[in-house]
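Everything below concerns the one structure shown next.
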Amino acid sequence: MSLKIIPFRTGLAKNFKDLNVDWLQRYFHLEPKDVVLLENCEDSIINKGGHIFFAQWEEAIVGCFSFITMGDKIYELGKMAVDPNYQGFKIGQALLSFAIDYAKQQHWKKIVLYSSTKLKTALHIYEKYGFMEIELEKEIPYTRSDIKMELILN
């Protein structure tokens, strides 16, 4: 397997949007916050202190995720998507493992994520990596989210 995790660069913004739009349309639908984050990810994520990473298989960009700033050393793990043609190769787990290692290297306090109980496999993987379910606030960023999880890092 020739998988590399690479950081955001401007030329990959379209890949980030396309991977996420494809995933969202397959399982849910685009919501207003998705549009804000995906239309100009450099302004809405990177320039606000966030991060975006990509899974590169040989020369193809096949997956991605973002860290969205939530507060002092607290980040939301979001916009994780893997090209359906590359699913089954544990690319999502490689991205998640990289994300956790990166957050630890940055000495962050915790990673938070929002998901859906419809995504049983994803939830199982999050739990396998140490994420625990926490109370979902009343004002949630996505209508598709019915579960919130966090991973305490320190």
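By convention here, the first residue in the shown sequence is residue 1.
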Next on the checklist: Rounded to the nearest 0.5 Å, what separates atom CG in Leu153 from atom NZ in Lys110?
Outcome noted: 10.0 Å
Checklist entry - So which pairs with a foot in residues 66-77 pass side-chain hydrogen bond (donor to acceptor under 3.5 Å, both in side chains), sequence neighbours left out? => result Asp72-Lys109
Checklist entry - Where do Ile68 and Met70 land on the side chain to side chain contact (heavy atoms under 4.5 Å, CB included) test, with the steps shown first? => result CA-CA 6 Å; Ile68 301 165; Met70 292 185 78; 5.6 Å; no
Next on the checklist: Run the salt bridge (charged side-chain N to carboxylate O under 4.0 Å, His left out) test against Asp34 and tell me which residues pass, sequence neighbours left out.
Outcome noted: Lys79, Arg144
Item to check | Any Asp22 side-chain heavy atom under 4.5 Å of Pro84 side chain | outcome: yes
Checklist entry - Got a sec, which residues hit side chain to side chain donor-acceptor pair (under 3.5 Å) with Gln56, two or more places apart in sequence or on another chain? => result none
Item to check | Qualifying salt bridge (charged side-chain N to carboxylate O under 4.0 Å, His left out) pairs with a residue from residues 48-70, counting only residues at least two apart or across chains | outcome: none
Next on the checklist: Restricting to non-hydrogen atoms, name the atom on Phe16 and the atom on Leu38 that form the minimum distance, rounded to 0.1 Å.
Outcome noted: CE2-CD2, 3.6 Å
Checklist entry - Would Tyr102 and His51 count as a close aromatic pair, with their ring centres under 6.0 Å? => result yes
Next on the checklist: If I compare all heavy atoms of Tyr114 with all of Ser145, which pair ends up nearest, and what's the gap?
Outcome noted: CB-OG, 3.4 Å
Next on the checklist: Under the rule for side chain to side chain donor-acceptor pair (under 3.5 Å), what residues qualify as partners of Gln105, not counting sequence neighbours?
Outcome noted: none
Checklist entry - For the hydrophobic clusters of this structure (ILVMFWY residues joined by side-chain heavy atoms under 4.5 Å, transitively), does one cluster hold both Leu77 and Ile100? => result yes
Item to check | Listed partners of Ile46 passing side chain to side chain contact (heavy atoms under 4.5 Å, CB included), at least two apart | outcome: Phe8, Glu42, Ile52
Next on the checklist: Would a single hydrophobic cluster contain both Val62 and Leu12, if residues Ile, Leu, Val, Met, Phe, Trp and Tyr are joined by side-chain heavy-atom contacts under 4.5 Å?
Outcome noted: no
Checklist entry - Shortest non-hydrogen contact from Leu3 to Ala55? => result CD1-CB, 3.8 Å
Next on the checklist: Treating Glu31 as the side-chain partner and Thr143 as the backbone partner, does any N or O pair qualify as donor plus acceptor under 3.5 Å?
Outcome noted: yes
Next on the checklist: Quick check against the 3.5 Å criterion: does Gln87 have a side-chain atom that pairs as donor or acceptor with the backbone of Val82?
Outcome noted: yes
Checklist entry - Which residue pairs satisfy the ring pair (Phe, Tyr, Trp, His ring centres under 6.0 Å) criterion with at least one member in residues 135-154, sequence neighbours excluded? => result none
Checklist entry - Are Leu24 and His29 close enough that some pair of their side-chain heavy atoms sits under 4.5 Å apart? => result no
Next on the checklist: If the condition is side chain to side chain donor-acceptor pair (under 3.5 Å), which residues does Glu39 pass it with, not counting sequence neighbours?
Outcome noted: Lys17
Next on the checklist: For Asp146, give me all partners under salt bridge (charged side-chain N to carboxylate O under 4.0 Å, His left out), at least two apart in sequence or on another chain.
Outcome noted: none
Item to check | Smallest separation among heavy atoms of Phe53 and Ile5, with atom names | outcome: CB-CG2, 4.0 Å
Next on the checklist: Does any part of the side chain of Phe54, heavy atoms only, come nearer than 4.5 Å to the side chain of Phe65, both counted from C-beta?
Outcome noted: no
Checklist outcome for this item: By salt bridge (charged side-chain N to carboxylate O under 4.0 Å, His left out), Asp18 pairs with (sequence neighbours left out) Lys14
Item to check | Leu95 side chain near Met80 side chain, heavy-atom distance below 4.5 Å | outcome: yes
Checklist entry - According to a 4.5 Å side-chain heavy-atom criterion applied to Ile, Leu, Val, Met, Phe, Trp and Tyr, with indirect links allowed, do Phe98 and Phe89 form part of one hydrophobic cluster? => result yes
Next on the checklist: How close do Ile147 and Ser116 get, counting heavy atoms only, and between which atoms?
Outcome noted: CG2-N, 3.8 Å
Next on the checklist: Please enumerate all residues that pass ring pair (Phe, Tyr, Trp, His ring centres under 6.0 Å) together with Tyr27, with sequence neighbours excluded.
Outcome noted: Trp23
Next on the checklist: Does the plane of the ring in Phe67 sit parallel, tilted or perpendicular to the ring in Trp108? Use 30° and 60° as the thresholds.
Outcome noted: perpendicular
Next on the checklist: Show, in sequence, the C-alpha distance, side-chain angles and deciding distance for Ile111 and Glu150, and conclude whether the side chain to side chain contact (heavy atoms under 4.5 Å, CB included) test is met.
Outcome noted: CA-CA 6 Å; Ile111 302 170; Glu150 73 177 10; over 6 Å; no
Checklist entry - Looking only at heavy atoms, which two atoms of Ser44 and Leu37 are closest? And how far apart? => result OG-O, 3.1 Å
Only distances under 3.5 Å count here; give the side-chain donor-acceptor pairs of residues 121-136 to other protein atoms, sequence neighbours excluded, each with its distance to 0.1 Å.
| unit_1 | atom_1 | unit_2 | atom_2 | d |
| --- | --- | --- | --- | --- |
| Lys128 | NZ | Gln93 | OE1 | 3.0 |

Checklist entry - So, do Ile61 and Leu19 sit near enough that their side-chain heavy atoms are less than 4.5 Å apart? => result yes
